[in-house]
Amino acid sequence: MEKWQKEFWDMIETVADEVESFFLEMTEMVDSFFELTEEITEQVQNTITTELEQYLQELADPIMEVYWELEDVIIDDVDLGFPYSVEPCPEKNAACIGCRHYHGQVYSGNLLVCGMHPYGWEDENCPDWEQEEL
């Protein structure tokens, strides 16, 4: 092999080694950059999340305090609007005891006794009374 061919191959090997070295260093730099950006992103996210939670907590605390205070005051005086049942008794709606038409649900504080007599019957003998089916 002639001298110029040997020098040419040496030069090619040197270039290949330098290119490989360059790419290895670039890979290390890119990896380091990504690790650094991951750490920074995590720190920023944690900081923002913590600060946002604190801000929302500070904002919600006074509102919740007022809400709980109002609930303590109002809960006893106001019907929450959910219907509930009331059974007829001798003192109230005596004519409805055992009647199949008796509805007996309270809606927003108003008792619906039945469809024919929404407020109930005055005495003990309702003209529309029918025996409950068992």
Side-chain angles (χ1 to χ4, degrees):
M1 200 188 298
E2 293 184 30
K3 183 177 177 181
W4 70 270
Q5 290 175 329
K6 184 172 180 350
E7 289 177 357
F8 178 73
W9 285 114
D10 288 342
M11 186 174 63
I12 299 251
E13 285 179 3
T14 304
V15 169
D17 290 341
E18 290 297 321
V19 168
E20 182 180 359
S21 174
F22 172 76
F23 282 116
L24 285 174
E25 289 177 10
M26 287 302 293
T27 302
E28 289 174 6
M29 284 179 32
V30 168
D31 288 345
S32 297
F33 177 74
F34 280 127
E35 287 176 10
L36 179 67
T37 56
E38 278 182 7
E39 290 175 12
I40 291 173
T41 302
E42 187 174 314
Q43 288 176 355
V44 168
Q45 184 177 7
N46 289 340
T47 303
I48 289 175
T49 303
T50 304
E51 289 181 8
L52 183 62
E53 284 178 3
Q54 288 176 347
Y55 175 74
L56 291 176
Q57 187 69 31
E58 290 172 3
L59 187 66
D61 279 345
I63 295 171
M64 293 305 291
E65 283 181 32
V66 170
Y67 173 76
W68 291 119
E69 288 174 8
L70 285 177
E71 185 180 61
D72 291 342
V73 171
I74 295 176
I75 195 81
D76 297 330
D77 300 335
V78 176
D79 179 21
L80 297 177
F82 297 109
Y84 57 92
S85 296
V86 174
E87 293 296 322
C89 61
E91 295 83 31
K92 186 143 176 124
N93 299 317
C96 302
I97 297 174
C99 180
R100 69 184 299 216
H101 301 295
Y102 183 72
H103 183 65
Q105 294 286 319
V106 176
Y107 300 96
S108 299
N110 299 311
L111 174 63
L112 175 59
V113 177
C114 73
M116 278 86 55
H117 308 286
Y119 302 106
W121 191 255
E122 294 296 322
D123 61 21
E124 293 183 12
N125 297 318
C126 177
D128 297 306
W129 189 91
E130 291 182 18
Q131 178 72 34
E132 259 184 313
E133 294 179 9
L134 297 175

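Fair warning: this is a prediction, and the values are worked out from it, not measured in the lab. Residue numbers run from 1 in the order of the sequence given.
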Between [atom1] of [X] and [atom2] of [Y], what distance do you get to the nearest 0.5 Å?
X    : Y    : atom1 : atom2 : answer
I97  : C126 : CD1   : SG    : 12.5 Å
Y102 : W129 : OH    : CH2   : 14.5 Å
M64  : L59  : CE    : CG    : 12.0 Å
Q57  : Q54  : CD    : CD    : 9.5 Å
I12  : E7   : CD1   : CD    : 13.0 Å
L52  : T47  : CG    : OG1   : 12.0 Å

Discussion item. Other residues, nucleotides and ligands only: do more than 12 of their heavy atoms fall within 6.0 Å of CD on E124?
Written reply: no
Give me the atom names and distance for the closest heavy-atom approach of [X] to [Y].
X    : Y    : value
A94  : P90  : CB-O, 3.5 Å
P118 : G115 : CD-O, 4.2 Å
D123 : A95  : O-CB, 3.2 Å

Practice prompt. Determine, for R100 against E130, whether the closest basic-nitrogen to carboxylate-oxygen distance falls under 4.0 angstrom.
Written response: yes
[X] side chain vs [Y] backbone, donor-acceptor pair below 3.5 Å:
X    : Y    : result
S21  : D17  : no
W121 : N125 : yes
E25  : F22  : no

With a 4.5 Å cut-off on side-chain heavy-atom distances among I, L, V, M, F, W and Y, is there a chain of contacts connecting [X] to [Y]?
X    : Y   : value
V113 : Y84 : yes
V19  : M29 : yes
I48  : L56 : no

Discussion item. Side chains of N93 and L111, heavy atoms from C-beta outward: is any pair under 4.5 Å?
Written reply: yes
Fill in: Donor-acceptor pair between H101 and D128 side chains, under 3.5 angstrom
no
Worksheet entry | side chain to side chain contact (heavy atoms under 4.5 Å, CB included) assessment of F33 paired with D31 | CA-CA 5 Å; F33 177 74; D31 288 345; over 6 Å; no
